[in-house]
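For reference, the structure is listed below as structure tokens.
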Amino acid sequence: SSDVCSSDLVIIGDGQDADYLTGKLRDTAITNITWHKGTFSTGFIESQVSQASICLGIFGCSHKSQRVLPFKLYYYMAMGMPILTGGTKIIDRLNKIALCSQGQPAFLTCAPGDPKALAAKLQQLARSSQQLDVYKKTSRQFYENNLSNKHISNKLEQLFSADTNNDTLL
């Protein structure tokens, strides 16, 4: 659909699939991609992310991608950005936590390892600013409720205060 084709796509950094992506992009007529290669300050990344309509996570099928939450997702959540990522085991688990505490998943998902599913989801989201607005709130709420410094500090305080009669620490 023209929804995604007419959207500007911004890639920041040159991770492990940069060579593969470079080859794929060279073989297409796509002109609406801006790729910032290299290492950048957090200020630059923050300014780019804050201008995005949606932030993309990871879409691989490896064992690692099934169990890790990449740092960029923490960053996106802290900024209250809607996130589309592969429906991996860890993401599915976090979405279940969010459903229980917030009544709404924290992440939009599509099938990992399926470029057509990713394109279809992006086309759907390009036509649904209301859905993106909901996920801006839910990603930030999930961060505040589960990953923020305040939440972690409270959990540590509970852990240590529960063990005041015991002289051994973890």
Side-chain angles (χ1 to χ4, degrees), residues 1-17 21 30 32-36 40-155:
S1 152
S2 62
D3 296 324
V4 173
C5 293
S6 65
S7 298
D8 291 328
L9 304 172
V10 178
I11 301 169
I12 301 172
D14 46 0
Q16 61 192 23
D17 290 328
L21 183 57
I30 298 173
N32 59 332
I33 295 178
T34 302
W35 191 347
H36 302 286
F40 301 95
S41 70
T42 54
F44 175 81
I45 295 169
E46 183 179 316
S47 72
Q48 293 294 307
V49 168
S50 67
Q51 296 175 46
S53 299
I54 189 165
C55 296
L56 302 180
I58 59 173
F59 300 92
C61 296
S62 70
H63 291 295
K64 181 179 179 183
S65 65
Q66 290 294 312
R67 67 179 193 280
V68 301
L69 188 65
F71 177 73
K72 66 182 179 177
L73 296 188
Y74 289 91
Y75 204 81
Y76 301 157
M77 284 183 280
M79 291 181 67
M81 300 302 296
I83 300 165
L84 172 60
T85 192
T88 62
K89 289 179 183 179
I90 187 68
I91 294 297
D92 290 345
R93 184 173 173 203
L94 295 177
N95 268 343
K96 285 178 185 171
I97 292 169
L99 272 170
C100 290
S101 65
Q102 300 172 197
Q104 175 86 25
F107 306 99
L108 293 150
T109 61
C110 67
D114 185 346
K116 289 181 181 177
L118 172 59
K121 193 66 167 189
L122 286 171
Q123 288 171 350
Q124 173 199 344
L125 294 170
R127 295 184 298 268
S128 180
S129 62
Q130 289 178 332
Q131 189 176 17
L132 292 176
D133 288 343
V134 167
Y135 278 90
K136 283 180 182 180
K137 293 174 187 158
T138 59
S139 73
R140 178 62 189 181
Q141 186 178 1
F142 185 82
Y143 177 82
E144 285 294 327
N145 292 347
N146 300 284
L147 302 169
S148 67
N149 288 342
K150 180 179 179 180
H151 174 76
I152 292 169
S153 295
N154 288 341
K155 288 292 184 185

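What you see below is based on every heavy atom in this structure, not just the backbone, and it leaves out hydrogens, waters and symmetry mates. Since this is a predicted model, take the numbers as computed values, not measurements.
Here the closest heavy-atom approach between residue Leu122 and residue Leu56 is recorded as CD2-CD2, 4.0 Å. Cys61 and Gly113 get closest at one heavy-atom pair: SG-CA, 3.5 Å. Nearest heavy atom pair, residue Leu84 against residue Lys121, reads CD1-CG, 3.6 Å. A pairwise comparison of heavy atoms in Arg140 and Met79 identifies NH1-N, 4.4 Å as the closest pair. The two residues Phe142 and Ile97 make their nearest non-hydrogen contact at CE1-CG2, 4.0 Å. Here the shortest heavy-atom pairing between Pro105 and Asn95 reads CB-OD1, 3.3 Å.
In this structure, the side chain of His151 engages the main chain of Asn145 through a donor-acceptor pair within 3.5 Å.
Side-chain contact between Thr34 and Gln48 is absent, with no heavy-atom pair separated by less than 4.5 Å. A heavy-atom distance below 4.5 Å is not found between the side chains of Ile90 and Arg67. The closest side-chain heavy-atom distance from Leu118 to Asp114 is not below 4.5 Å. Between Leu73 and Ile91 there is a side-chain heavy-atom pair separated by less than 4.5 Å. The side-chain heavy atoms of Met81 and Tyr75, taken from C-beta on, include no pair separated by under 4.5 Å. Side-chain contact between Leu108 and Leu132: present, with at least one pair of heavy atoms (C-beta onward) separated by less than 4.5 Å. Residues Lys72 and Ile45 have side chains not in contact (no heavy-atom distance under 4.5 Å, counting atoms from C-beta outward). Using a 4.5 Å heavy-atom cutoff, the side chains of Leu125 and Tyr135 are not in contact.
By the side-chain contact (heavy atoms from CB on, under 4.5 Å) test, Pro115 pairs with no residue at all, sequence neighbours left out. Here Ser128 pairs with Gln131 under the side-chain contact (heavy atoms from CB on, under 4.5 Å) rule; sequence neighbours left out. Applying the salt bridge (charged side-chain N to carboxylate O under 4.0 Å, His left out) criterion to Lys136, with sequence neighbours excluded, gives Asp133.
Between Thr109 atom OG1 and Phe59 atom CZ the span is 9.5 Å, to the nearest 0.5 Å. Here Asn146 contributes atom CG and Ile152 contributes atom CD1; the two are 9.5 Å apart, rounded to the nearest 0.5 Å. The distance from the CZ atom of Arg93 to the CD atom of Gln66 is 13.5 Å, given to the nearest 0.5 Å. Between Met77 atom CE and Leu94 atom CG the span is 7.0 Å, to the nearest 0.5 Å. To the nearest 0.5 angstrom, Gln104 atom CD is 11.0 Å from Ser139 atom OG.
Between Phe40 and His36, the two ring planes are perpendicular [angle over 60°; tilted spans 30° to 60°].
In this structure, Gln51 places its CD atom where more than 12 heavy-atom neighbours from other residues, nucleotides or ligands lie under 6.0 Å away.
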